[in-house]
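Just so we're on the same page: letters track the sequence lines, and every chain starts at 1.
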Amino acid sequence: MLRMSTLFLRTLREDPADAEVPSHKLLVRAGYVRRIAPGLWSWLPLGYIVYRNIERVVREEMDAAGFQEVHFPGLLPREPYEKTHRWEDYGDNLFRLQDRKKTDYLLGPTHEEMFTLMVKGEFSSYKDLPLSIYQIQIKYRDEARPRAGILRAREFVMKDSYSFDVDDAGLEKSYQRHRDAYISTFDRLGLSYEIVSAMAGAMGGSKSEEFLAPCTTGEDTYVKCPACGMAANVEAIVTHAVPEVDASDVPAAHVEDTPDTPTIASLVEISNSRPELRRSDRDWTAADTLKNVVLMQVAIDGTRTPLVIGLPGDREVDLKRVEAGIHPYELEAFEEEDFKKYPALVKGYIGPEVLGENSASGIRYLVDPRVVNGTRWITGANKRGNHVYDLVAGRDFGWDGVIEAAEVRQGDGCSNCGEEVTIARGIEIGHIFQLGRKYAEALDLKVLDENSELVTVTMGSYGIGVSRAVATIAEQSHDDKGLLWPREVAPADIHIIATGKEDEPFNVAQGIAEDLEARGIRVLFDDRRGVSVGVKFNDSELIGIPTIAVVGKGLNDGVIELRDRASGEQELVPVADFINTVVELCN
RNA sequence: CGGGGCGUAGCGUAGUGGCUAGCGCGCCUGCUUUGGGAGCAGGAGACCGCGAGUUCGAGUCUCGCCGCCCCGACCA
């Protein structure tokens with residue numbers, strides 16, 4: 001039994017000044033967590049109970065799915081990460097350190113390498129597979145900017161699983177089993193979530209989905225189609241296919257003098273204001289222009305090469321989407337200095353004529369999927385103050401490839417059905433990947449198949465942010481008074497408050513608390529003497545245990561008040577019925 | 001890394017170059033109070049982020065450093 005009189009807890013009346021998001025404010029105010037340093041948090045008793053409840057649910061669901069728990073150190077040797085190149089690829093986000101002999105170590109940001117080697121050490125036959133193993137472990141990532149309390153920390157707890165199969169069909173099955181296990185887990189945790197298509201990104205591999213908890217404070221943006229149910233991270237979204245156009249009646253391209261039009265807005269304005277440039281049927285819009293954006297792509301070895309992306313002028317480039325499309329290259333801005341090195345690029349007036357790997361410049365030119373054969377554009381003429389009109393894609397210019405680079409907007413056509421999509425934000429609570437053979441190859445994990453031939457194992461990787469789930473539930477489940485924990489993860493089933501200055505309510509409450517505990521109900525008992533009832537009520541609402549009982553003046557009528565924290569509904573229960581009523585409520 | 005903001009007691013904050021750095025919450029003692037963050041009285045708790053400088057005098061002005069928060073970049 002937790003007793004408020006002795007509990008190591010101090011609630012705060014005011015929000016901490018450095019907190020922005022609700023979970024951060026409330027978890028600190030209610031005395032669940034305290035900050036130690038940027039991105040590092042300590043758990044106080046109530047917080048640690050919630051954390052362990054979540055961990056328990058995750059473990060139970062993984063075990064129920066037939067996955068086996070193992071455990072690695074958080075401190076890991078350099079060598080395996082050297083073999084997969086992640087010692088370098090992880091960059092500044094990896095915590096590196098040395099022992100007294102100056103040998104390199106790292107604090108594990110994720111454990112693909114170690115799991116691969118563990119399986120390699122034990123198994124060598126296709127008969128041993130499939131296998132799925134997991135751990136619940138502290139992970140370390142030296143985030144450039146930890147934020148939002150414990151939503152993005154530098155030390156956090158993750159449940160990470162890995163599946164090992166002999167072929168693609170097996171991987172698909174293992175993936176599906178994890179997907180199902182994740183659904184059960186998040187349902188039990190009381191989280192609302194969406195399963196969205198994602199990019200495999202730097203992890204390598206192919207198929208990948210994210211479990212996103214819809215939440216305005218989330219860091220991930222995703223797209224959802226109300227019509228067909230398609231859901232995808234913006235990084236993974238595919239533009240709705242645009243049909244080719246018959247451009248046989250479009251006049252030949254012609255260059256026009258358009259002084260002082262380095263921006264799309266100025267170009268549209270001059271095009272509509274000069275009679276010889278006007279369209280007869282309607283005004284020009286930004287969507288009629290082809291904007292060519294120069295970026296610098298950087299290879300892992302640091303080599304910088306320019307990249308030009310052509311997209312409709314009414315769209316901004318979404319750098320995250322570009323990076324997803326050009327992985328493993330990274331992006332940097334194209335600076336003034338760079339323009340000097342590439343004189344073919346006239347800032348503000350770049351056109352497709354000078355672009356492309358087969359052109360004189362050799363600069364790679366990728367276009368938005370909306371640029372299809374027959375579409376007609378106004379774009380730069382590669383000369384200061386000049387634009388070219390009626391430039392037809394396919395007829396007058398070509399490109400090296402297509403890239404999903406444009407920002408995704410509310411109302412864009414769904415890639416699946418074409419209906420208008422909506423955009424929302426979410427917190428990533430889980431991520432499942434079909435990794436493939438990247439790690440098995442790098443670390444030489446092979447088994448003998450039924451033909452006695454060595455085959456490389458194919459892997460999946462699956463993560464749940466356990467500590468992040470505490471904050472995510474708090475984000476999704478609170479009101480202006482405090483937290484609202486689902487019973488499964490709450491620090492207790494019932495918060496019993498004794499009121500008044502007489503002994504009787506305290507004695508009755510004490511007896512009830514003991515009886516409930518004997519029936520398996522987890523109790524937090526506010527047995528503080530001399531604390532005003534307002535303080536007790538407010539603390540109980542802040543702490544957010546799902547059921548609150550008030551033992552006080554109702555005893556005169558032989559009743560105890562039972563309140564539902566979430567709904568605020570209240571009923572008066574005769575003392576004699578109280579235990580059974582609560583036991584029923586909690587089961 | 002770029003932009004913005006901020007460092008005063010456990011928390012939240014006030015503080016025109018000038019007395020012993022103030023207030024609220026919380027904490028301690030006593031009395032009173034007990035159904036929505038009680039009242040009265042008394043008390044403890046501060047290297048005003050650090051270091052230089054200007055000045056008769058610096059929490060306050062100047063410079064440097066450190067740290068923190070937010071936005072962006074970054075982030076399986």
Side-chain angles (χ1 to χ4, degrees), chain A residues 9-21 24-25 28-29 31 34-40 84 86 89-94 108-113 139 141-149 151-154 156 158 160-162 198-205 208-210 217 219-220 233 235 298 318-320 322-324 327-328 330-333 428 430-435 438-439 459-465 468 481-482 497-502 505-506 528-542 548 550-556 561 563 570:
Chain A
L9 170 74
R10 188 100 303 144
T11 58
L12 305 177
R13 196 174 285 211
E14 288 164 292
D15 285 334
D18 55 5
E20 295 283 322
V21 301
H24 185 186
K25 289 179 182 172
V28 171
R29 268 191 65 204
R34 290 289 182 259
R35 199 187 74 101
I36 295 299
L40 300 176
T84 57
R86 289 212 293 184
D89 290 1
Y90 235 97
D92 289 338
N93 272 24
L94 191 65
T110 171
H111 283 69
E112 277 79 5
E113 284 83 351
K139 306 289 184 189
R141 293 182 197 176
D142 191 0
E143 298 281 352
R145 190 159 84 82
R147 75 180 98 187
L151 278 173
R152 176 165 294 280
R154 292 192 296 173
F156 58 97
M158 183 160 90
D160 49 330
S161 313
Y162 304 86
M199 297 296 284
M203 293 300 299
S208 158
E209 288 169 294
E210 288 173 343
T217 50
E219 293 184 282
D220 286 75
N233 194 298
E235 290 161 50
V298 186
D318 182 330
L319 294 177
K320 273 189 175 180
V322 175
E323 288 216 315
H327 183 84
E330 291 189 358
L331 280 182
E332 279 182 15
E428 183 182 341
H431 202 158
I432 53 179
F433 287 93
Q434 294 190 6
L435 274 184
K438 172 179 170 177
Y439 292 90
M459 294 170 55
S461 141
Y462 317 89
I464 290 177
R468 176 181 281 181
K481 294 188 178 123
I497 298 171
T499 69
K501 63 175 177 179
E502 307 302 327
F506 286 84
R528 291 175 295 179
R529 293 288 193 134
V531 173
S532 83
V533 65
V535 170
K536 292 185 174 185
F537 288 167
N538 281 316
D539 275 348
S540 73
E541 282 150 358
L542 182 58
I548 298 167
V550 184
V551 183
K553 65 182 185 187
L555 288 180
N556 296 330
E561 287 169 46
R563 299 180 184 175
Q570 184 170 154

Rounded to the Å, how far apart are [X] [atom1] and [N] [atom2]?
X         : N       : atom1 : atom2 : answer
Asp18(A)  : rG5(B)  : CG    : P     : 19 Å
Glu143(A) : rC75(B) : CD    : P     : 10 Å
Asp142(A) : rA73(B) : CG    : C1'   : 16 Å
Gln570(A) : rG35(B) : CD    : P     : 15 Å
Lys25(A)  : rC11(B) : NZ    : C1'   : 15 Å
Arg35(A)  : rC68(B) : CZ    : P     : 7 Å
Lys553(A) : rU33(B) : NZ    : P     : 18 Å
Arg86(A)  : rC75(B) : CZ    : P     : 14 Å

Looking at [N], which nucleotide sits across from it as a Watson-Crick or G-U wobble partner, both distances under 3.5 angstrom, or is there none?
N       : value
rG64(B) : rC50(B)
rG18(B) : rC56(B)
rC27(B) : rG43(B)
rG2(B)  : rC71(B)
rU34(B) : none

Considering only the [atom1] atoms, how many Å lie between [N] and [M], rounded to the nearest integer?
N       : M       : atom1 : answer
rU54(B) : rC69(B) : P     : 35 Å
rU34(B) : rU20(B) : C1'   : 39 Å
rG59(B) : rG51(B) : C1'   : 16 Å
rC1(B)  : rA58(B) : P     : 35 Å
rG39(B) : rG22(B) : C1'   : 23 Å
rC40(B) : rU33(B) : C1'   : 11 Å
rA14(B) : rC68(B) : P     : 22 Å

### Task
Any chance you could lay out the side chain to side chain contact (heavy atoms under 4.5 Å, CB included) test for Leu94(A) and Arg86(A), step after step, and finish with the verdict?
CA-CA 9 Å; Leu94(A) 191 65; Arg86(A) 289 212 293 184; over 6 Å; no
Between Pro505(A) and Ala498(A), the two heavy atoms sitting closest are O-CB, 4.0 Å
Report task. Using a cut-off of strictly less than 4.0 Å, decide whether Arg147(A) has a side-chain nitrogen or oxygen near OP1 or OP2 of rG72(B). Result -> yes
Return yes if the base of [N] and the side-chain atoms of [X] contain a donor-acceptor N/O pair under 3.5 Å, otherwise no.
X         : N       : value
Arg29(A)  : rG26(B) : no
Glu14(A)  : rG37(B) : no
Glu561(A) : rG35(B) : yes

So what does [X] touch, heavy atoms closer than 4.0 Å: a base, only the sugar-phosphate, or nothing?
X         : value
Asp539(A) : base
Arg563(A) : base
Asn93(A)  : sugar-phosphate
Ala148(A) : sugar-phosphate
Gly39(A)  : nothing

The answer to which of Asn538(A) and Glu20(A) contacts RNA chain B further toward the 5' end, by nearest nucleotide, is Asn538(A)
Of Val533(A) and Tyr462(A), the one whose closest nucleotide on RNA chain B sits nearer the 5' end is Val533(A)
Task: Pi-cation contact, Phe506(A) with Arg528(A) (under 6.0 Å, within 45°) - done: no
Taking rG12(B), rG26(B), rC75(B) as options, the one with an atom nearest any side-chain atom of Arg10(A) is rG26(B)
As a quick check of understanding, evaluate side chain to side chain contact (heavy atoms under 4.5 Å, CB included) for Val28(A) and Leu12(A), giving each step before the final call.
CA-CA 8 Å; Val28(A) 171; Leu12(A) 305 177; 4.0 Å; yes
Examine the side chains of Ser208(A) and Glu210(A) and answer whether a donor and an acceptor come within less than 3.5 Å of each other. no
Check ion pair Glu14(A)-Arg29(A) (N to O, under 4.0 angstrom)
no
- How far apart are the C-alpha atoms of Lys553(A) and Thr499(A), what are their side-chain angles, what is the distance that settles it, and do they pass the side chain to side chain contact (heavy atoms under 4.5 Å, CB included) test? CA-CA 8 Å; Lys553(A) 65 182 185 187; Thr499(A) 69; 5.9 Å; no
